[in-house]
Amino acid sequence: MADYSEGKYADIAFDDYVIARQEAIGAHNRVNDTIGGQDFEFRDGEVKLIRSAQHFFLSTVTGAGWPYVQHRGGPPGFVHVLNHKTLAFPEFQGNMQFVTAGNVDRDGRVCLFFVDYPTRYRLKVFGHARFIEAGEDPEFEERIRDLGDSEIRAKIERIMVITVTATDKNCSKQIKPRYTEEQIQERLDLYRADIKELKNRVAELEAQLESAQGS
């Protein structure tokens, strides 16, 4: 297992070349106070975003030193926040290449990228990953399947557990708001309720007017 250095977001993302670019426009030290390393804890907004996510992008490091990005998706709640610095989510059957799995077996460093499209909130999560293979811990697997009001029934090949080192909230520029069908229906239901209430009120007023005219 590689010996990973722990640090804040800036320690992970900002090398000398990045810092030189920042200093050229006076932007250096902009996020150097970000909590990270052993002191890391999720913030409330981050937990809410992660728990409501239906997908995210996962980056690992190949043996050739290249970044490798894959998409992960599932029902809301499929990414579990186990505690103040640990995530877990199920891995389902994929394309049988096992690039992500092999990368993590060799080098557990990962980066997760979440986007909440309605609010245009995006979050980067750096951490160290490991796997719990199917059948190794049935009780934990049942916990991962449990989404509260529903259950994951698909076959789980393994569970990725991530000890988070640092996070960073990106700006919302250039993110186009998008909504799921469920989110659209929720908003339409509010309008439908308002329209129904207004129709009932109009009917009441019309009845009162007819009564007044007939008296």
Side-chain angles (χ1 to χ4, degrees), residues 1-7 9 12 35-63 67-116 121-169 180 182-183:
M1 181 69 67
D3 180 20
Y4 306 119
S5 60
E6 297 282 355
Y9 169 78
I12 296 171
I35 296 174
Q38 298 295 337
D39 298 327
F40 176 81
E41 288 191 11
F42 283 118
R43 288 164 284 229
D44 290 341
E46 296 173 344
V47 171
K48 182 179 179 181
L49 169 60
I50 292 169
R51 285 178 170 163
S52 64
Q54 298 185 55
H55 83 103
F56 65 91
F57 298 97
L58 171 66
S59 177
T60 57
V61 184
T62 71
Y68 182 78
V69 180
Q70 275 282 15
H71 173 270
R72 291 292 184 268
F78 85 105
V79 183
H80 294 255
V81 181
L82 301 180
N83 56 45
H84 65 279
K85 64 183 301 180
T86 309
L87 300 178
F89 62 89
E91 290 265 275
F92 307 112
Q93 186 174 11
N95 56 17
M96 307 299 287
Q97 292 184 357
F98 301 106
V99 178
T100 295
N103 289 343
V104 170
D105 288 341
R106 187 199 70 262
D107 184 336
R109 289 176 297 172
V110 295
C111 183
L112 289 67
F113 191 82
F114 294 89
V115 183
D116 180 60
Y121 178 25
R122 52 185 176 177
L123 178 70
K124 287 179 289 189
V125 178
F126 286 94
H128 303 150
R130 62 183 176 87
F131 288 119
I132 296 177
E133 299 295 333
E136 284 186 358
D137 190 338
E139 184 177 343
F140 183 61
E141 184 173 326
E142 287 303 310
R143 178 181 177 185
I144 295 301
R145 288 186 179 277
D146 184 8
L147 303 180
D149 57 353
S150 63
E151 179 182 1
I152 295 175
R153 298 188 179 275
K155 180 181 178 181
I156 295 177
E157 291 195 337
R158 66 192 64 82
I159 299 169
M160 183 179 287
V161 180
I162 301 171
T163 301
V164 178
T165 297
T167 60
D168 182 56
K169 176 184 176 183
T180 65
E182 183 180 54
Q183 291 168 333

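Both backbone and side-chain heavy atoms feed into the values below; hydrogens, waters and symmetry mates do not.
V81 is not listed as a side-chain neighbour of E46, based on a closest heavy-atom distance of 4.5 Å or more. Side chains of K169 and R122 form no contact here, defined as non-hydrogen atoms less than 4.5 Å apart. In this structure, the side chains of L58 and F89 come closer than 4.5 Å at one or more pairs of heavy atoms. Side-chain contact between I50 and F42 is present, with heavy atoms from C-beta onward closer than 4.5 Å.
For R145, the salt bridge (Lys or Arg N to Asp or Glu O under 4.0 Å) partners are E141, not counting sequence neighbours. Legend: residues meeting ring pair (Phe, Tyr, Trp, His ring centres under 6.0 Å) with F57, ordered by chain and number and at least two apart, are H55, H71. Qualifying salt bridge (Lys or Arg N to Asp or Glu O under 4.0 Å) partners for R158, counting only residues two or more places apart in sequence or in other chains: E133. F114 pairs by the ring pair (Phe, Tyr, Trp, His ring centres under 6.0 Å) definition with F56, not counting sequence neighbours. Scored by the side chain to side chain donor-acceptor pair (under 3.5 Å) test, D137 finds no partners at all (sequence neighbours excluded).
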request  = List the steps and the verdict of side chain to side chain contact (heavy atoms under 4.5 Å, CB included) for L147 and R51.
outcome  = CA-CA 10 Å; L147 303 180; R51 285 178 170 163; over 6 Å; no
key: Worked check of side chain to side chain contact (heavy atoms under 4.5 Å, CB included) between F131 and D105   = CA-CA 8 Å; F131 288 119; D105 288 341; 3.7 Å; yes
request  = Please test F113 against V69 for side chain to side chain contact (heavy atoms under 4.5 Å, CB included), starting from the C-alpha separation and ending with a verdict.
outcome  = CA-CA 10 Å; F113 191 82; V69 180; over 6 Å; no
task = With side chain to side chain donor-acceptor pair (under 3.5 Å) as the test, would you mind laying out the steps for R43 and T167 before giving the verdict?
result = CA-CA 10 Å; R43 288 164 284 229; T167 60; 3.2 Å; yes
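The minimum heavy-atom distance between F92 and P90, with the atom names listed, is CZ-CG, 3.6 Å. The two atoms that bring P76 and S52 nearest to each other are CB-O, 3.9 Å, heavy atoms only. Considering every non-hydrogen atom in both G148 and D146, the closest pair reads N-OD1, 2.9 Å. Between Y9 and A166, the shortest heavy-atom distance links the atoms N-CB, 3.6 Å. Across all their heavy atoms, G127 and I162 have their closest contact at CA-CG2, 4.0 Å.
Summarising the geometry, atom CD1 belonging to I144 is positioned 12.5 Å from atom CD belonging to E151; distances are rounded to the nearest 0.5 Å. Expressed to the nearest 0.5 Å, how far CD of Q93 lies from CD1 of I156 amounts to 13.0 Å. Going from atom NZ of K85 over to atom OG1 of T165 covers 6.5 Å, rounded to the nearest 0.5 Å. Between the NZ atom of K124 and the CG atom of D168 there is a distance of 4.5 Å, given to the nearest 0.5 Å. Remark: L49 CG to L123 CG distance equals 6.0 Å, nearest 0.5 Å.
Counted within 6.0 Å of CG on N95, heavy atoms from surrounding residues, nucleotides or ligands total more than 12; the atom is thus considered enclosed.
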List the atom pairs, with distances to 0.1 Å, where a side-chain N or O of residues 96-104 and a protein N or O form a donor-acceptor pair under 3.5 Å, not counting sequence neighbours.
residue : atom : partner : partner atom : Å
N103    : ND2  : T60     : OG1          : 2.9
N103    : ND2  : V99     : O            : 3.2

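No donor-acceptor distance shorter than 3.5 angstrom exists from the side chain of H84 to the backbone of E41, with no hydrogens or angles considered. In terms of modelled atom types and a separation under 3.5 Å, the side chain of R106 and the main chain of V61 share a donor-acceptor contact.
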